[in-house]
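One structure is given here, and the rest of the page talks about it.
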Amino acid sequence: MSYMCTYDRTIFYNPVNKYCVISVKTNDQSVPQQARSAYRHRDRLIRFVAVGYELPQTDKVSMALEGEWTTGKHGYQLQVENFEEIVPQTKAGVQGYLSSRLIKGVGEKTASLIVGRFGADALKVLENEPERLLEIRGITSDKLQDIKASYTESRCLRDIMILLSPFQITPTAATKIYEHFGAKSVDILRNNPYELCQVSGFGFKRVDAIVRKGNMPLNSPVRIHGAIYAALEVKREGNGHLFLDRKTLLQTAYQLLNERLLPQVRVKPDEVITILEEMILKGEVVSNNDRIYQTQLFVCEDETARKVAQILSIRPKIADITSALETVRHGLGLTLSQRQTEAIYMAFHSNLSIITGGPGTGKTTILRAIIEVFKALYPNEKIILAAPTGRASRRMAESTGRNDAKTLHSLLGLLGDNTSNIERQKKLLDAGLIIVDETSMMDMWLAQQFFRRIQPDTMVVLVGDVDQLQSVGAGDVFRELISCGQVPVTVLDEVFRQKENSRIALNAKKLNEDNAYLEYGDDFVRKKCKTQEEAAELICQTFCEEVSKHGVEHVQILSPFRSEGLASVEKLNECIREMVNPPTDELPDLKVGNRYFRIGDKVMQTKNNEKASNGDIGFIRSIGLDNKGVMKVKIEFSASRIVEYGMEEMSNMEIAYATTVHKSMGSEYDIVIMPIITSHLIMLQKNLIYTAITRARHKVILVGQTSLLFRILEREKRAKEKNENLHKRNTMLGERICKYMHLYKNEKLKNVG
């Protein structure tokens, strides 16, 4: 059914997912009696309720609504499946639409100027020649970008929802599609929907089910192409692989295509091989010795290897640091071991070097010495300190005594696509010394962004713990740089904190040596229980006990699983919040999407932006309307960093009394509580447990069955004996570095000859 209507009022609107319930008015007598408002109005128009996404909330335009009538607890409503804005093609009509605040950056004054310049054709200009808006006084390049982005996004999101509405796609999922593909989203959905497999949450099975409702042949080249790409994407996201060998790729794609199909209609192996060959010829994937890469991942790996080899092949400016080091050592009161001293000398004798070691092995001491020696030798040179996460960069700043450490994303201009960031991405980093901490978190894409910005004579020191979990993104950069044999590496294995009786550092070292006989005491506690239910109850009880002694900001639960079982992150957060921050009548919950927030909640940022970094933890200090009636949330990340968030920004926040071990990478907490239970055994690998306990500064509490440590270490030992590497990721970075080093050396020999 279709109805010509005008906006009346908003009943409900969610700014995060754009879902709205509005009252509209019409003179269309075909509106069902049970849908009509019982109230009478002077204009004698019929009013009814329409629900949908991104519905116009302004009476400056008319709208044609298409949909089906539904009934529920809120009565009879029109479920809108499609709509069209009808803007009167007059100056007054167009100006009314532009001034309706539907388009970000255009208010009443700007709308008046636009219509004054372009008349009734203003919308055609906005649609087809938006750059002409620069002719309007007050519209700058940045403001034009906001106007274009808002206009494009609103229409694109609406079109995505319309195309996918028969398949129960949520607005959140539509937003993910738009964020990934931008303005190309609608064309992709129409012409090659299997590209949706690149978007998180859209596996091949889900996309295939949608497409096959349109009667696409099972052996369609588009479908086979989608399965091949999806196979690469699944292994990239799930296993961190940069490539698949040809045989594995074909088998995986074949299984995706033929699952639950009768033999007579299955896609044939030859058909899959044919499409793969076509994709290779077109450059859609790269085949390197029968290793098949997504093209962008091959470029990342190859360019990074080439740049690393180039840095290593350039002779450094070697200076005698003996005198400067001695002065620094006495000035800072440092006692350096032989290995620490070697690491400092190594940093000044190679343009790229690596320092790796576990907690308490003296990495911070070395960094302080390197920085001070460099300042003494090169007082006019800049020093850059960086880390992959905000928490890691702030910890780096605290430990080195410098307050200018940044996240890599901020340093490289990777936060947002505004003009200043885009310009920064083109420039080489201006520094004589760059130190990157927590390098084990750096994935292949971030490594490419970093190394391509290094100047030839810059001294680069990479620091990290090679025994931690690998990066969340694809690749295994830190391990590959260490194992390739081309980068000078110092391995710190002496635990200095052991002299201060730190069982955390000692037990981390024991785990790495495959020793499950850990030492327990005041700073390393075990609390025994058998079932997941008992573990969840004991974790909540222990958390509250520790919070009462030390404060909620000092205690963190780390669980292997996000959502499975009572001892998962989501279930523990639900339980603990009711204990430490229960609801009150005076302070109602704020609903954002499917999440609820309260004043006092401990929250975590889940996506980098210019206000906070992925993984930053803070506390909600206030929730309320600002002087313009807009909902704002104040979050305190530290005493000196209180940030105001809007509703849309809160969609990137989650409750954080508990978080996953993976999310904790790069962070440190005073007290860590972790479940070690049988139901988590599939996730409990040595490097995950090691990462969890090394997040703690002062105390670790293991809840469950610590005897499982013996099974975990035995499992990994058997895998080694079978020559299996449980943590192996498909990458050729190290091998490529060796190849390019060989080429650079040969080129030098030619030049000498």
Backbone of Q605 reached by a side-chain donor or acceptor of N652 within 3.5 Å: no

T660 (side chain) donor-acceptor with P560 (main chain) under 3.5 angstrom: no

Side chain S568, main chain G565, donor-acceptor under 3.5 Å: yes

The single option from K728, Q470, R729 passing side-chain hydrogen bond (donor to acceptor under 3.5 Å, both in side chains) against D476: Q470

Nearest-0.5 Å distance, CD of residue E237 to CG of residue L232: 12.0 Å

Ring pair (Phe, Tyr, Trp, His ring centres under 6.0 Å) involving F478 - partner list, sequence neighbours excluded: none

Qualifying salt bridge (charged side-chain N to carboxylate O under 4.0 Å, His left out) pairs, either residue in residues 256-283, two or more places apart: K205-E259, R246-E277

T295 side chain to G283 backbone, donor-acceptor under 3.5 Å: yes

Under 3.5 Å side-chain donor-acceptor pair for E284 and H225: yes

Any donor-acceptor N or O pair under 3.5 Å, side chains E301, Y293: yes

R453 (side chain) donor-acceptor with L412 (main chain) under 3.5 angstrom: yes

Flag for T304-Q448: side-chain donor and acceptor within less than 3.5 Å: no

F561: ring pair (Phe, Tyr, Trp, His ring centres under 6.0 Å) partners, not counting sequence neighbours: H680

D208 side chain vs F204 backbone, donor-acceptor pair below 3.5 Å: no

